[in-house]
Amino acid sequence: MNIFLKVAAFSLVMVAGFWGFASFGIPQIKPAPPPVEEKVDLGAMTMDQFIALGGKIFNGKGTCTLCHNKMGRAPMLSDIGKNAPLRLKDPRYKGTAKTIEEYIFESMTKPSMYVVAGFGKSGTNDTESPMPDVTGGGIGLNPVEVKAVIAYLQDAGGAEVTVEIPAMPKAGAEAPKAEEAAPLKTAQEVIAKFGCGACHKVAGQTGEIGPNLTKIGATKNKDYIRQSILDPDAVIAKGYPAGMMPKTFGEQMKAKELEMLVDYLAGSK
Ligand code: HEC
Ligand code: HEC
């Protein structure tokens with residue numbers, strides 16, 4: 001072998017060795033996120049996970065099962081796929097829904113548009129529903145949560161799931177498009193834009209799917225928090241499901257936004 005071939009062969013062995021080492025020897029660490037400007041959505045979530053999220057909200061934060069249970073305080077929703085079309089044809093129907101999805105949405109936000117016979121507020125002859133608007137006051141489901149619950153009810157109620165996994169709510173929903181690309185200014189805006197509050201108790205929001213983050217800074221440092229956001233499966237918080245938290249924040253957040261968020265969470269004690 002001449003010297004050139006020897007060097008080439010040696011390099012190949014080295015490269016192969018490093019490749020093997022990098023792939024198998026040490027855990028892959030994702031580099032810090034590049035400041036990509038991308039549309040935000042719940043990208044990493046599958047429909048099954050979205051439906052499961054809806055089920056959790058239905059049985060938890062939504063307080064739906066306080067009334068929708070076997071005690072008969074409210075109708076069971078396991079046949080909603082069959083019942084909704086009948087409601088829409090009923091002469092007593094006052095709403096504007098055309099589809100099962102729209103009917104469920106309307107039931108959750110304007111329950112009195114149709115009151116299931118026998119379930120009205122007493123004395124109103126089934127013209128007023130005792131059910132609250134679940135997006136308001138005490139329950140306060142956000143738009144993502146409402147969609148998830150609809151997906152869950154369609155799935156559990158024998159209807160086709162027509163809900164689409166929504167794009168995450170923007171910090172200021174009515175902010176003009178041109179401003180979207182500018183980096184957000186506060187951690188609260190980042191949390192709102194990326195919908196952390198749908199799953200976490202954080203910054204005044206009350207999600208329950210993931211751990212409470214209002215005191216995370218008391219036990220976790222910045223590195224841990226940063227890693228939890230960039231690579232959620234690296235460490236799974238005890239008692240919580242893996243694979244639920246979206247893995248796309250690292251690509252979607254600008255570096256500055258990420259650091260603001262990490263600082264804020266680390267300072268929440
Ligand atoms: C305080 C009790 C109460 C709570 C809490 C409640 N509901 Fe209801 N809901 C009712 C009652 C009573 C009815 C029947 C009267 C009516 O049609 O509005 C009803 C009706 C409905 C209907 C229409 C059912 C049909 O057969 O047409 C849907 C859908 C529904 N609720 C979904 C929900 C969801 C989802 C939640 C939780 C996010 C929820 N409800 C929370 C009491 C409640
Ligand atoms: C769809 C639900 C969901 C969303 C949205 C979500 N998370 Fe999570 N998150 C979880 C779940 C579930 C866990 C626990 C399992 C795990 O560790 O991956 C978690 C874990 C975490 C942890 C680690 C907590 C601990 O005690 O170890 C942090 C920090 C965190 N999330 C921050 C965020 C931030 C910041 C956002 C928004 C940018 C966010 N999450 C959005 C579901 C979510």
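No hydrogens, no waters, no symmetry mates; every other heavy atom, side chains included, goes into these values. Note that ligands are numbered from 1 as they come in the structure, with each ligand's atoms numbered from 1 the same way.
Near Pro241, meaning under 4.0 Å from any of its heavy atoms, are these atoms of ligand 2: 12 (C), 15 (C). The Ile229 neighbourhood of ligand 2 comprises atoms 35 (C), with distances under 4.0 Å to a heavy atom of that residue. Near Met45, the atoms of ligand 2 lying under 4.0 angstrom from a non-hydrogen atom of the residue are 1 (C). When each atom of ligand 2 is checked for a heavy atom of Leu261 under 4.0 Å away, the hits are 35 (C). The contact set between ligand 1 and Val134, taken as ligand atoms under 4.0 Å from a residue heavy atom, comprises 37 (C), 38 (C). The Gly62 neighbourhood of ligand 1 comprises atoms 37 (C), 38 (C), with distances under 4.0 Å to a heavy atom of that residue. For ligand 2 and Cys199, the ligand atoms under 4.0 Å from any heavy atom of the residue are 1 (C), 2 (C), 3 (C), 4 (C), 5 (C), 42 (C), 43 (C). Within the listing of ligand 2, atoms 5 (C) sit less than 4.0 angstrom from a heavy atom of Gly195. Of all the atoms in ligand 2, the ones that sit under 4.0 Å from a non-hydrogen atom of Met253 are 38 (C). Atoms of ligand 2 found under 4.0 Å from any heavy atom of Val235 (numbered from 1 in listed order, with element): 17 (O).
Under the 4.0 angstrom criterion for non-hydrogen atoms, Asp233 is not in contact with ligand 2. Note on ligand 2: Ala242 sits outside its first shell, no heavy atom being nearer than 4.0 Å.
With a heavy-atom cut-off of 4.0 Å, Tyr114 touches ligand 1 through its backbone alone. Of all the heavy atoms of Ala237, the ones lying under 4.0 Å from any atom of ligand 2 are found in both the backbone and the side chain. Contacts between Leu53 and ligand 2 below 4.0 angstrom, taking non-hydrogen atoms only, are absent altogether. Contact annotation: for Leu66 versus ligand 1, there are no heavy atoms closer than 4.0 Å. In Cys64, the parts holding a heavy atom less than 4.0 Å from any atom of ligand 1 are both the side chain and the backbone. At a heavy-atom distance under 4.0 Å, only side-chain atoms of Leu77, from C-beta outward, approach ligand 1. The residue Gln49 has no part lying near ligand 2, judged by heavy-atom distances below 4.0 Å.
Between the choices Arg87, Met131, Met76, the shortest heavy-atom distance to atom 6 (C) of ligand 1 belongs to Met131. With Tyr93, Phe58, Tyr103 as candidates, the residue nearest to atom 27 (O) of ligand 1 on a non-hydrogen basis is Tyr103. The residue among Ala198, Ala234, Pro211, Ala266 with a heavy atom at the shortest distance from atom 13 (C) of ligand 2 is Pro211. In this structure, of Pro232, Ala52, Ser228, the residue bringing a heavy atom nearest to atom 28 (C) of ligand 2 is Ser228. Atom 14 (C) of ligand 1 has its nearest heavy-atom neighbour, among Pro75, Ala74, Ser112, in Pro75.
For the pair Arg92 (side chain) and Tyr114 (backbone), a donor-acceptor distance under 3.5 Å is absent.
Side chains of Ile100 and Pro85 form a contact here, defined as non-hydrogen atoms less than 4.5 Å apart. The side-chain heavy atoms of Phe119 and Ser129, taken from C-beta on, include no pair separated by under 4.5 Å. In this structure, Glu251 and Thr248 have side chains that are in contact, with non-hydrogen atoms separated by less than 4.5 Å. The closest side-chain heavy-atom distance from Gln205 to Cys196 is not below 4.5 Å. Side-chain contact between Met253 and Leu184: absent, with no pair of heavy atoms (C-beta onward) separated by less than 4.5 Å.
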Should Lys110 and Asp133 be marked as a salt bridge (Lys or Arg N to Asp or Glu O under 4.0 Å) after you check the CA-CA gap, both sets of side-chain angles, and the distance that decides it?
CA-CA 6 Å; Lys110 295 179 190 158; Asp133 169 359; over 6 Å; no
Before giving the answer on salt bridge (Lys or Arg N to Asp or Glu O under 4.0 Å), spell out for Glu164 and Lys147 the whole-Å C-alpha distance, their side-chain angles and the decisive distance to 0.1 Å.
CA-CA 8 Å; Glu164 282 172 17; Lys147 290 240 177 201; over 6 Å; no
Stepwise side chain to side chain donor-acceptor pair (under 3.5 Å) check, Ser112 with Glu128
CA-CA 5 Å; Ser112 295; Glu128 254 182 71; 5.7 Å; no
Test log, rule side chain to side chain donor-acceptor pair (under 3.5 Å), inputs Tyr264 and Glu259:
CA-CA 8 Å; Tyr264 171 82; Glu259 287 317 303; over 6 Å; no
Please evaluate residues Thr206 and Lys61 with respect to the criterion side chain to side chain donor-acceptor pair (under 3.5 Å), reporting the C-alpha separation (whole Å), side-chain torsions for both, the decisive distance (0.1 Å), and the verdict.
CA-CA 8 Å; Thr206 54; Lys61 179 183 175 190; 3.3 Å; yes
Given side chain to side chain donor-acceptor pair (under 3.5 Å), test Asn212 with Thr214 step by step and report yes or no.
CA-CA 6 Å; Asn212 181 340; Thr214 54; 2.6 Å; yes
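More than 12 non-hydrogen atoms from other residues, nucleotides or ligands lie less than 6.0 angstrom from NZ of Lys256.
Nearest non-hydrogen protein atom to atom 18 (O) of ligand 1 is Ser129 OG, 2.6 Å. Looking only at protein heavy atoms, the nearest one to atom 12 (C) of ligand 1 is Pro130 CG, 3.4 Å. For atom 17 (O) of ligand 1, the closest non-hydrogen atom of the protein is Val116 N, 2.9 Å. Annotation: atom 4 (C) of ligand 1 to nearest protein heavy atom, Cys67 SG, 3.3 Å. Counting only heavy atoms of the protein, atom 29 (C) of ligand 1 lies nearest to Ser107 CB, 3.6 Å.
Using the six-membered ring where Trp is involved, Phe249 and Phe194 have ring planes that are perpendicular, over 60° apart on the 30 and 60° scheme. Aromatic ring orientation, Tyr152 versus Phe58: tilted (interplanar angle from 30° to 60°).
Taking the charged nitrogens against the carboxylate oxygens, Asp223 and Arg226 do have a contact shorter than 4.0 Å, which makes a salt bridge. A salt bridge does not link Lys201 to Glu208: none of the charged side-chain nitrogens sits closer than 4.0 Å to a carboxylate oxygen. For Lys247 and Asp231, the salt-bridge test fails: no basic side-chain N is under 4.0 Å from an acidic carboxylate O.
Considering backbone and side-chain N/O of Arg73, none are found under 3.5 Å from N/O of ligand 1. Distances between N or O atoms of Phe249 and those of ligand 2 include no value under 3.5 Å. Looking at ligand 2, you'll find an N or O of Tyr224 within less than 3.5 Å of one of its N or O atoms.
For the pairing with Lys82, the side chain to side chain contact (heavy atoms under 4.5 Å, CB included) check across Ile80, Leu86, Asp79 returns one residue only, Asp79.
The atom of His68 nearest to atom 8 (Fe) of ligand 1 is NE2, with the search restricted to N, O or S atoms.
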